[in-house]
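Start at 1 with the first residue, then count along the sequence. As a basis for the values below, the full set of heavy atoms in this structure was taken, side chains included, without hydrogen atoms, waters or symmetry mates. Because the structure is a prediction, the values reported are computed rather than measured.
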Amino acid sequence: MQIKKNIDKYKKLSTVAKATLWYTVANVLVKGVALLSTPIFTRVMTESEYGTYSIFQSWYCIIIIFTSLNLFLGGYSKGMLKYKDEIDSYTSSSLAMTTFITCCWGVIYLTNIPFWTNIFNLPPQMMAAMFIELLLMPAYEFWSSKSRFEYKYKLVVIASVWMSLLSIIIGVITVMSNSHRVASRIGSDVFAKATIALPLFFLLFAKGKVLFNKKFWKYNFLFNIPLVPHYLSNYALNQSDQLMISRMIGNAEAAYYSVAYTIATMMNLVITAINNALVPYIYQSINAGECKKVKKTTFPTFFIVAVMCIVTMAFAPELITIFAGKNYAQATYVVPPVAASVYFIFLYGMFSTIEYYYQKTVRIAVATIIAAVLNIGLNFICIRAFGYYAAGYTTLVSYMLLAFLHYRFYRSVLKEEMDTDENVYDMKAIILSGALVLSVMFIMILTYKVIWLRYGVILIICMVGYIKRKDLKEILITVKEKKAE
């Protein structure tokens, strides 16, 4: 009976809600399976071998910024609105652009292989596999972005889960069956992605039938070139902590921080899915002049994200023990500030969505560069003075600044482009959720050593939520009705 009720509730959900739900499920499945499979590979592969695989993945994340300019991100969503009557042509032309740039970089690599081998610390065979991935994956990214834009979420979910599972299954089999373990892991991952990306590569060209279009290429270039420093700074913002801890204190402390950071940011899986589903909706609502609908729809998401961050903080000791073991128990105290950072990551993403829509890409880059420089500077001072725990708080401060900068830029965009002082988002919900996250962060840090006190606080929070559930529901309904007026 309950199952039938749940099915009926699901059928009544809006297309946006269904898309958000399924993107969230798919993202959690994909990243969750990858996370759970990590202990298998770390036990089968030596530290050196697993380190080489990690280097491969890290370089891929950096190089694809140069080979694709990340055309398939915010600029592509805006481009689909700008060229709504030519979406297929725009898509195939954009894919041709990434293909051309990738091939140019490939030629540059071939002109001096020993030099680049020394830079990347990867043999030519692995770089060849990376080239295939760099060439094909933009096709998948364009297709999935287009599908999300049109709320055609079923095939995207199936494709993402398929690639993840196939990569892990083939990876485990091949890594355990021969001595070339690094090449096997990389090859299995690239092959799994190619099973989806290769057919899409030809399909998008066949549908669009356009390779070079000056109008499309010029738009892509002007929109995305200013964002390259942003993408690179964003990567530095995410990775500099671990690298600096390793250099300044040691690899063991870097490992502790890495484990805590991974666990604390697990909620990013859900947040990314929520953001991916909301971006097309926000773009289309602004394009239709229906900004009030955005405020109404996004209102509960800030509380949802806040609650997810709080749950991560509350059960940090248990999560550390499950995923890493008791030897990593000291890393527990890194989780609260990093988990709180996740809320501000979501927040700056919401503000920057408006900046992307109006193509204010220089401002986006400026904000990220400032936050990255602050993070590196604070790490240099605080890690040396207070140890690796300080990196969690420097991360929080940096993302809080990033969210604030994007808020200021977002407000400027509203005045310049929409000629209004009215917020697209509910600022009271944003401030209240942020204050709640920061308050619980300090409470949890103080209660980790006294388990009964921590569980007591968790129980009180749950009881208050349950007792006040009707009042909370009425508040939500009232606010939604006011937003609808």
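Looking only at side-chain heavy atoms (C-beta outward), Phe303 and Leu432 come within less than 4.5 Å of each other. Considering only heavy atoms from C-beta on, His406 stays 4.5 Å or farther from Ile354 through its side chain. Looking only at side-chain heavy atoms (C-beta outward), Leu135 and Thr99 come within less than 4.5 Å of each other. Under the 4.5 Å side-chain criterion, counting only non-hydrogen atoms from C-beta, Leu71 is not in contact with Pro138. Looking at Lys193 and Leu136, their side chains never come closer than 4.5 Å, going by heavy atoms from C-beta outward. At a threshold of 4.5 Å between non-hydrogen side-chain atoms, the residues Leu69 and Ile65 do not count as touching. Side-chain contact between Leu396 and Leu438 is present, with at least one heavy-atom pair separated by less than 4.5 Å. With contacts defined as side-chain heavy-atom distances shorter than 4.5 Å, the pair Tyr60/Glu133 qualifies.
A distance-only check finds a donor-acceptor pair linking the side chain of Lys209 to the backbone of Ala206 [under 3.5 Å]. Distance alone, capped at 3.5 Å, is enough to place a donor-acceptor pair between the Tyr410 side chain and the Val424 backbone. A donor-acceptor pair under 3.5 Å links the side-chain atoms of Ser233 to the main chain of Pro229, judged by distance alone. Within the 3.5 Å criterion, the main-chain N or O of Asn375 finds a donor-acceptor partner in the side chain of Asn379. Judged by distance alone, with hydrogens and angles left aside, the side-chain atoms of Ser93 form no donor-acceptor pair with the main-chain N or O of Val210 at under 3.5 Å. With Tyr219 contributing its side chain and Gly79 its backbone, the two residues share a donor-acceptor pair below 3.5 Å. One N or O on the side chain of Asn224 and one on the backbone of Asn220 form a donor-acceptor pair closer than 3.5 Å. Between the Ser433 side chain and the Ile430 main chain, no donor and acceptor come within less than 3.5 Å of each other. In this structure, Ser167 contributes its side chain and Ser164 its backbone to no donor-acceptor pair below 3.5 Å.
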List the steps, then state whether side chain to side chain contact (heavy atoms under 4.5 Å, CB included) holds for Val190 with Ile186. CA-CA 6 Å; Val190 174; Ile186 291 172; 4.3 Å; yes

Take Arg185 and Thr174, measure what side chain to side chain contact (heavy atoms under 4.5 Å, CB included) needs, and give me the verdict at the end. CA-CA 7 Å; Arg185 182 66 194 106; Thr174 55; over 6 Å; no

Please determine whether side chain to side chain contact (heavy atoms under 4.5 Å, CB included) holds for the pair Phe100 and Leu211, giving the CA-CA distance in whole Å, both sets of side-chain angles, and the decisive distance to 0.1 Å. CA-CA 10 Å; Phe100 174 74; Leu211 297 180; over 6 Å; no

Before giving the answer on side chain to side chain contact (heavy atoms under 4.5 Å, CB included), spell out for Tyr388 and Met248 the whole-Å C-alpha distance, their side-chain angles and the decisive distance to 0.1 Å. CA-CA 9 Å; Tyr388 75 91; Met248 296 169 69; over 6 Å; no

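Nearest heavy atom pair, residue Ala429 against residue Tyr343, reads O-OH, 4.2 Å. Residues Ala339 and Met313 share a closest heavy-atom pair of CB-CG, 3.8 Å. Between Met350 and Ile282, the closest heavy-atom pair is CE-CD1, 4.2 Å. Closest approach of Tyr283 to Thr353, counting heavy atoms only: CE1-O, 3.4 Å. Taking both residues in full, the closest heavy atoms of Leu122 and Thr117 are given as O-CG2, 3.5 Å, listed atom of the first, atom of the second, then distance. A pairwise comparison of heavy atoms in Ala139 and Ala197 identifies CB-O, 3.9 Å as the closest pair.
Counted by atom type alone, Thr91 and Trp143 present zero donor-acceptor pairs between their side chains at under 3.5 Å. No hydrogens or angles considered: nothing links the side chains of Asn213 and Ser89 as a donor-acceptor pair under 3.5 Å.
For the atom pair CE of Met441 and CD1 of Ile310, the computed distance is 11.5 Å after rounding to the nearest 0.5 Å. The CZ atom of Phe142 lies 6.0 Å from the CG atom of Leu95; values are rounded to the nearest 0.5 Å. The CD1 atom of Ile63 sits 4.5 Å away from atom CE of Met130, with the distance rounded to the nearest 0.5 Å. Going from atom OH of Tyr358 over to atom CZ of Arg363 covers 12.5 Å, rounded to the nearest 0.5 Å. Taking CG of Leu436 as the start and CD1 of Ile431 as the end, the distance is 13.5 Å to the nearest 0.5 Å. Expressed to the nearest 0.5 Å, how far OH of Tyr425 lies from OG1 of Thr301 amounts to 9.0 Å.
By the neighbour-count criterion of 12 heavy atoms within 6.0 Å, atom CZ of Phe191 is sparsely surrounded, having that number or fewer from other residues, nucleotides or ligands. Heavy atoms of other residues, nucleotides or ligands lying less than 6.0 angstrom from CZ of Arg411 number more than 12.
Each of Phe404, Tyr407, Phe344 was evaluated against Phe351; a single residue qualifies, Tyr407, per the ring pair (Phe, Tyr, Trp, His ring centres under 6.0 Å) test.
By the ring pair (Phe, Tyr, Trp, His ring centres under 6.0 Å) test, Phe346 is found to be paired with Phe302, residues two or more places apart in sequence or in another chain being considered. Remark: Phe205 engages Phe201 in a ring pair (Phe, Tyr, Trp, His ring centres under 6.0 Å) (not counting sequence neighbours). Considering only residues two or more places apart in sequence or on other chains, Phe212 meets the ring pair (Phe, Tyr, Trp, His ring centres under 6.0 Å) condition with Trp217. Residues forming a ring pair (Phe, Tyr, Trp, His ring centres under 6.0 Å) with Tyr90 (at least two apart in sequence, or on another chain): Tyr76, Tyr83, Phe216. Residues forming a salt bridge (charged side-chain N to carboxylate O under 4.0 Å, His left out) with Lys207 (at least two apart in sequence, or on another chain): none.
The pair Glu86-Lys215 meets the salt-bridge criterion, since a charged nitrogen lies less than 4.0 angstrom from a carboxylate oxygen.
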Side-chain atoms of residues 102-109: list all donor-acceptor pairs with protein atoms under 3.5 Å, sequence neighbours left out, distances to 0.1 Å.
unit_1	atom_1	unit_2	atom_2	d
Thr102	OG1	Thr67	O	3.4
Thr102	OG1	Thr98	O	2.7
Trp105	NE1	Phe66	O	3.3

